Amino acid sequence: MATQDVSNMEVPPPHPFMRPATAAMRSERRAFNVFRMATYSVLLAATAIFGVIFVKGADTIFTREFPFVNIAFLIESPETLHVFDHEGQHHEIGDREFRKYMEAHANPTIAEETYVYSAGGIFPCIVGTFFLVVGSMAIALFVGISAAVFLNEYSRGGRMVELLQLAILNLAGVPSIVFGLFGFGLFVLFAPIFASAPDPSHLYIPLGFGYLNFTGWGVSLISGWFTLAFMVLPVVITASEESLKAVPKGFREGSLALGATQWEAIRTNVLPYALPGILTSSILGIARVAGETAPIMFTAAYVVRDRLPWQVDHVLDVLFQGVMALPYHIYVVSSKIPQNAYTERVQFGTAFVFLGLVLGIALSSVILRNRLRARYRW
Amino acid sequence: MSSQLADMPSKIVNPPSIQPAADALPTPTPMIVVDHLDFYYGKSKALHAVNMNIAAKHVTAFIGPSGCGKSTLLRCFNRMNDLIEGTRIGAGEVRIQGVNIYDPTVDVISLRRQVGMVFQKSNPFPKSIYQNISYGLELQGVKDKKRLDEVVEKSLRGAALWDEVKDRLHSSALGLSGGQQQRLCIARAIAVEPAVILMDEPCSALDPIATSKVEELIQELKKKFTIVIVTHSMQQAGRCSDMTAFFYLGKLIEMDATQKIFTKPSQQQTEDYITGRFG
Ligand SMILES: Nc1ncnc2c1ncn2[C@@H]1O[C@H](COP(=O)(O)OP(=O)(O)O)[C@@H](O)[C@H]1O
Ligand SMILES: [Mg+2]
């Protein structure tokens, strides 16, 4: 530097590779921070939801004494809670216990308060949701995989296929309440039942050996299965198509060149490799089937039902009965009955169990998928 | 060996009168006869009036610049082109063991059992080595474990792979090296005892050592099978084929004994290609 005046000199950089603070750099840092905050907000929301449900639900589910789990909540039916003071003691007991108590004390007159569904447990809801998930996923997987195989393996493009693909895409955007109403109209009110005699009050078709009476399936498991199945079908079809596309063409050609029919090639050398992917994406469908309230509230769910699904007079009645379900129970106990400290216990307990169940189902599909994947890897 | 095709109703067997007119070749018994074949992908014509006889138990090599229709013709022999939408035979026919394989009465499944194929990109199934070989037989309904064991061993020996894999028959075929995988695909093809084996550039992804193993194997296989091999390597055609066919722009330019093609071809185009002037 020529000048001697130190005070006028710019501060020399400490080293020649010094990073200049340019505008681009500053805006980069700002953008980065926005992205970071957005990500953290997701984390915050998730923590809040899971945290509250976990902490409050754990109060209901876990106990301080052995066996540390509130087994009654998991294996009993909902009951009315009776709260009263008698002979100097405070009681909070369920309906059955209350009746025994009254008998034992020769039916005393007491001032009691009752709270519906706030005692007992949610066993019928767990069972009902389990039945709904298994049945509807079975239907959705069967129909969905078949459709994907048809679209991806057999059909040779064309307008028809384009139309189908469009329909599937649109089906995915239909709100679940619409599925619920659609299921109500089609399955609950209209679907046919086979019988030996015609039902003159409904449309019926004589088959020669019997009659199809269009009496509808009523609010029942089977109506719920089909409604839920149609709701997740787009997910399953799209997932299946993508998994099928991921299987190299060489496997199909290799099979065909050995004299396999197309179905043999698909069955032995395409589907087994696509299945892990199909299951993975269908996990998403499981969570939806288990969690949606709208599709089942008109088609399959009962507010309360004393009998469990297997307590039926006739085997076929299993299909034609309504069930209690976890999401619907949460809806009922949080909006259809007066709210108080006692109902909160059921709400959070149910939500806790519900999350646990979905997690459990998802986990077992992941395990199944990993097993399959280990067997067929390419 | 030829049972399925021989069982065809006799009326569809073509009268032997229609024989390819062009340069008749000194073939003892033609296994495959291509007769004025035109082939189309949609509107574009990929093969122009191809005539050729492919001798039984010989190795026939197809050479020619990329895109000249070698694979297309090869895939006509086991009707793999049927899988591609819009393909059709414009004129002419392909006869294998005297049967026009594009006759509507021909069952593609039994045709493909007679005409096996090895692909350019080796495609072992993601199953065990054993299952890869037994696959073709299981398709035919063979369940007898002893029979399957025998065929697996015989096929692997036939493909010069037995010694390398006999201790790990039940581990995944995908653990094999590239060359081994391609020989496994050959073993898989010979397990169903076809009459013809089609190979579409079987060595294009292999290193020189693996390539020479496959070439040795081809010499061994021609004792029992008719082999048609597409290759982009003229050295390979020279080393392992008896007959060589040179294609250019969808036309068969010349077909002759390999010796002759490489020493004194009768067509100028063939000579240009072989001497590396184009292609
Ligand atoms: N699936 C296909 N659809 C349309 N054209 C094709 C298809 N496969 C090959 N072709 C065309 O047919 C011609 C011959 O191709 P191909 O038989 O693969 O050549 P080669 O194997 O000699 O390199 C090429 O012009 C190619 O573009
Ligand atoms: Mg090719």
Side-chain angles (χ1 to χ4, degrees), chain A residues 148-165 240-280 368-378, chain B residues 4 74-75 77-87 107-128 131-141 155 171-175 181 184-194 196-200:
Chain A
V149 165
F150 172 75
L151 288 173
N152 199 51
E153 308 287 328
Y154 283 100
S155 76
R156 296 195 144 187
R159 287 201 59 77
M160 184 64 191
V161 170
E162 268 170 41
L163 216 70
L164 279 169
Q165 233 111 18
S240 307
E241 271 199 280
E242 259 153 40
S243 305
L244 288 172
K245 285 203 179 83
V247 176
K249 240 175 84 192
F251 297 162
R252 296 174 178 84
E253 290 193 328
S255 287
L256 294 172
L258 285 168
T261 62
Q262 215 179 338
W263 169 232
E264 281 167 336
I266 293 167
R267 186 165 47 84
T268 58
N269 244 341
V270 178
L271 274 182
Y273 318 138
L275 222 46
I278 294 174
L279 288 180
T280 310
L368 179 66
R369 175 198 67 190
N370 289 350
R371 288 237 176 119
L372 287 174
R373 237 187 222 171
R375 189 135 52 102
Y376 303 110
R377 200 192 298 271
W378 71 85
Chain B
Q4 279 99 347
L74 197 73
R75 290 163 63 92
F77 296 163
N78 64 348
R79 289 183 57 173
M80 285 304 269
N81 285 329
D82 291 12
L83 304 177
I84 301 168
E85 201 185 350
T87 57
D107 172 28
V108 187
I109 306 295
S110 39
L111 170 71
R112 291 190 186 140
R113 283 177 190 166
Q114 286 300 299
V115 185
M117 186 165 213
V118 176
F119 295 82
Q120 175 168 6
K121 188 169 179 299
S122 75
N123 57 351
F125 304 142
K127 303 172 186 282
S128 73
Q131 286 169 324
N132 262 278
I133 309 292
S134 65
Y135 183 84
L137 287 171
E138 280 164 8
L139 284 177
Q140 298 178 18
S155 311
S171 51
S172 171
L174 303 187
Q181 287 190 2
L184 182 72
C185 291
I186 294 173
R188 188 172 73 189
I190 64 181
V192 294
E193 304 208 321
V196 181
I197 301 176
L198 310 173
M199 299 185 180
D200 193 349

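The sequence lines fix the lettering, A, B, ..., with proteins before strands; numbering per chain opens at 1. All of these numbers come straight from a predicted model, not from anything done at the bench. Because only heavy atoms are used, hydrogens play no part in the values below, and waters and symmetry mates are left out as well, while side chains stay in.
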Trainee: So how far is it from B/Asn132 CG to A/Leu258 CG, rounded to the nearest 0.5 Å?
Mentor: 9.5 Å
Trainee: Between B/Arg79 and chain A, with a heavy-atom cut-off of 4.5 Å, which part of the residue counts as in contact: side chain, backbone, both or neither?
Mentor: neither
Trainee: Need one label for A/Glu253: side chain, backbone, both or neither, based on atoms under 4.5 Å from any heavy atom in chain B.
Mentor: both
Trainee: Answer yes or no: does atom CZ of A/Arg156 have more than 12 heavy-atom neighbours from other residues, nucleotides or ligands under 6.0 Å?
Mentor: yes
Trainee: Non-hydrogen atoms of chain A under 4.5 Å away: do they reach the side chain of B/Asp82, the backbone, both or neither?
Mentor: backbone
Trainee: Any side-chain donor-acceptor pair under 3.5 Å between A/Thr268 and A/Glu264?
Mentor: no
Trainee: Do we see a donor-acceptor contact under 3.5 Å between the side chains of B/Asn81 and B/Thr87?
Mentor: no
